Enquirer: 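Mind looking over this structure? Questions follow.
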Amino acid sequence: MAGFFLTLEGPEGAGKTTHTRLLARVLQQEGYQVVATREPGGTRLGEAVRTLLLAQDTGAISPMAETLLYLAARAEHVARVIRPALETGAVVICDRFLHSTLAYQGYGRGLPLGVLLELNRAATAGLEPDHTFVLDVDVAEGLQRVGRTRDRLEAEDISFHQRVRQGFLELAAREQRVTVVPTGGGIEATAGLLAGKVKEVLRAHAGRK
Ligand code: T5A
């Protein structure tokens, strides 16, 4: 496919929303065609599923039902937004994708990673990110950044969030296409660090074409 698919991941409050916006601006200034989107979301169905999944009123649901809802949103998102954008040559920046499923439903909820990978493959027709950046933050600091009004996932106990963070770090240690970006230096420093790493990856990709 002509475009480049990059995903921003990380624990709660890592700054994905902030840095998706800032990174999109930097890449647009460099002349890239950029599509910035998020999961769950990015389509009408995805936004409706997001509301359901994040509402405190939804309460506890089985890990598999939760997974299938995230993947229903993803199937629609890939088919209607991400793949068409990549086909036009865009750089697609997605706030959360596959690695959130592995970290939250795998490491957090305890579902086997192999099963999640298989289900994800079916939902995306095999589309994987070209590169993933994990914005890393200490769990307590991230939850503090998010504030007091917490959604259904944010309201999970601290050990859940610690397993999720550990999951992201383990996945990054295993996969060459996953880079960890520490966020402790503040928004401006993190934005600079991330933009530098993304530009390197895009240059390497252009060199391989
Ligand atoms: N999920 C998702 C699954 O369980 N499985 C899946 O497959 C998928 C796709 C989605 C939830 O669903 C789960 C994971 C999530 O629990 P979300 O998209 O994470 O929800 O929800 P948001 O509320 O959009 O995201 P977060 O709450 O995690 O926050 P962000 O986007 O990481 O952080 P952001 O940018 O909103 O920043 C939070 C605050 O921190 C400041 C910002 O200014 C803001 O005030 N900040 C920093 N402060 C200091 N230093 C930095 N480097 C900072 N960067 C940002």
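Remember, it's 1-based here, ligands and their atoms both numbered in the order they're listed. Keep in mind that what you see is a predicted model, and the values were worked out from it rather than measured.
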Enquirer: Is the count of non-hydrogen atoms from other residues, nucleotides or ligands lying under 6.0 Å from Q144 atom CD greater than 12?
Expert: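 No, CD of Q144 has 12 or fewer neighbouring heavy atoms, counting only those of other groups under 6.0 Å.
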Enquirer: So which protein heavy atom does atom 47 (C) of ligand 1 come closest to, and at what separation?
Expert: I187 CG1, 3.6 Å
Enquirer: Would you check whether R96 has a nitrogen or oxygen atom less than 3.5 angstrom from a nitrogen or oxygen atom of ligand 1?
Expert: yes
Enquirer: Should Y70 be counted as touching ligand 1, given the test is an N or O pair under 3.5 Å?
Expert: yes
Enquirer: Before signing off on this row, confirm whether L54 and ligand 1 have an N or O atom pair separated by under 3.5 Å.
Expert: no
Enquirer: Can you report which non-hydrogen protein atom sits closest to atom 35 (O) of ligand 1, along with the distance?
Expert: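 Of every protein heavy atom, T18 OG1, 2.5 Å lies nearest to atom 35 (O) of ligand 1.
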Enquirer: Quick check: do L135 and E9 have side-chain heavy atoms less than 4.5 Å from each other?
Expert: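 They are not in side-chain contact.
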Enquirer: For atom 31 (O) of ligand 1, what is the closest protein heavy atom, and at what distance to 0.1 Å?
Expert: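 Looking at atom 31 (O) of ligand 1, the protein heavy atom closest to it is T17 OG1, 2.5 Å.
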Enquirer: Number the atoms of ligand 1 from 1 as they appear, then name those within less than 4.0 Å of a heavy atom of A14, with their elements.
Expert: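 Selected atoms, number and element: 32 (O).
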Enquirer: Would you mind checking which non-hydrogen protein atom is closest to atom 52 (N) of ligand 1, with the distance to 0.1 Å?
Expert: T183 O, 3.0 Å
Enquirer: Quick check: P40 and ligand 1, any N/O pair under 3.5 Å apart?
Expert: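 Among all N and O atoms of P40, none is under 3.5 Å from an N or O of ligand 1.
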Enquirer: Heavy-atom pairs closer than 4.0 Å: do any link ligand 1 to the side chain of Q105, the backbone, both, or neither?
Expert: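 Just the side chain.
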Enquirer: Just need the protein heavy atom nearest to atom 27 (O) of ligand 1, so name the residue and atom and give the distance.
Expert: E154 OE2, 2.9 Å
Enquirer: Between T88 and Q33, is there a side-chain donor-acceptor contact under 3.5 Å, judged purely by atom types and distance?
Expert: yes
Enquirer: Can you tell me if E39 and H77 form a side-chain donor-acceptor pair at under 3.5 Å?
Expert: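 H77 and E39 do have a side-chain donor-acceptor pair below 3.5 Å.
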Enquirer: Identify which of E9, E12, R74, K16 has a heavy atom lying nearest to atom 16 (O) of ligand 1.
Expert: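 It is E12 that holds the nearest heavy atom.
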Enquirer: Is R109 positioned over the aromatic face of Y104, cation under 6.0 angstrom from the ring centre and no more than 45 degrees off axis?
Expert: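 No, R109 does not lie over the aromatic ring of Y104.
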Enquirer: Pick, from E188, R145, H19, the option with the minimum heavy-atom distance to atom 49 (C) of ligand 1.
Expert: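 Shortest heavy-atom distance from atom 49 (C) of ligand 1: R145.
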Enquirer: Under the side-chain hydrogen bond (donor to acceptor under 3.5 Å, both in side chains) rule, what do E76 and T43 come out as? Steps first, then yes or no, please.
Expert: CA-CA 7 Å; E76 186 73 356; T43 65; 5.1 Å; no
Enquirer: Of the protein's non-hydrogen atoms, which lies at the shortest distance from atom 21 (O) of ligand 1, and what is that distance?
Expert: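 Nearest protein contact, heavy atoms only, for atom 21 (O) of ligand 1 is R50 NH2, 3.4 Å.
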Enquirer: Kindly determine whether E118 and V115 satisfy side chain to side chain contact (heavy atoms under 4.5 Å, CB included), including the steps that lead there.
Expert: CA-CA 5 Å; E118 208 45 59; V115 171; 5.7 Å; no
Enquirer: Do the side-chain N and O atoms of T183 and T190 include a donor-acceptor pair separated by under 3.5 angstrom?
Expert: no
Enquirer: Report yes if some heavy atom in the side chain of E66 is under 4.5 Å from a heavy atom in the side chain of L53; otherwise report no.
Expert: yes
Enquirer: Does the protein come close to atom 44 (C) of ligand 1 - that is, does one of its heavy atoms sit below 4.0 Å from that atom?
Expert: no
Enquirer: Any idea which protein heavy atom is nearest atom 7 (O) of ligand 1, and the distance to it?
Expert: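 The closest heavy atom on the protein side is T101 OG1, 2.7 Å.
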Enquirer: Less than 4.5 Å apart, side chain to side chain, heavy atoms only: is that true for L8 and H19?
Expert: yes
Enquirer: So, H99 versus E175: side-chain donor-acceptor pair below 3.5 Å or not?
Expert: yes
Enquirer: Say whether, by atom type as modelled, one donor and one acceptor occur between the side chain of R165 and the main chain of V137 under 3.5 angstrom.
Expert: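 Yes, the answer is positive, given that a donor and an acceptor are paired below the 3.5 Å cut-off.
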Enquirer: Would you mind running through ligand 1 and noting each atom that sits below 4.0 Å from a heavy atom of T190?
Expert: 52 (N)
Enquirer: Starting from atom 29 (O) of ligand 1, find the nearest protein heavy-atom neighbour and note its residue, name and distance.
Expert: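 Closest protein heavy atom to atom 29 (O) of ligand 1: G13 N, 3.6 Å.
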Enquirer: Checking the N or O distance criterion of under 3.5 Å, is ligand 1 in contact with L153?
Expert: no
Enquirer: Heavy-atom contacts with V146 under 4.0 Å: which atoms of ligand 1 show up? List them by number with element.
Expert: 27 (O)
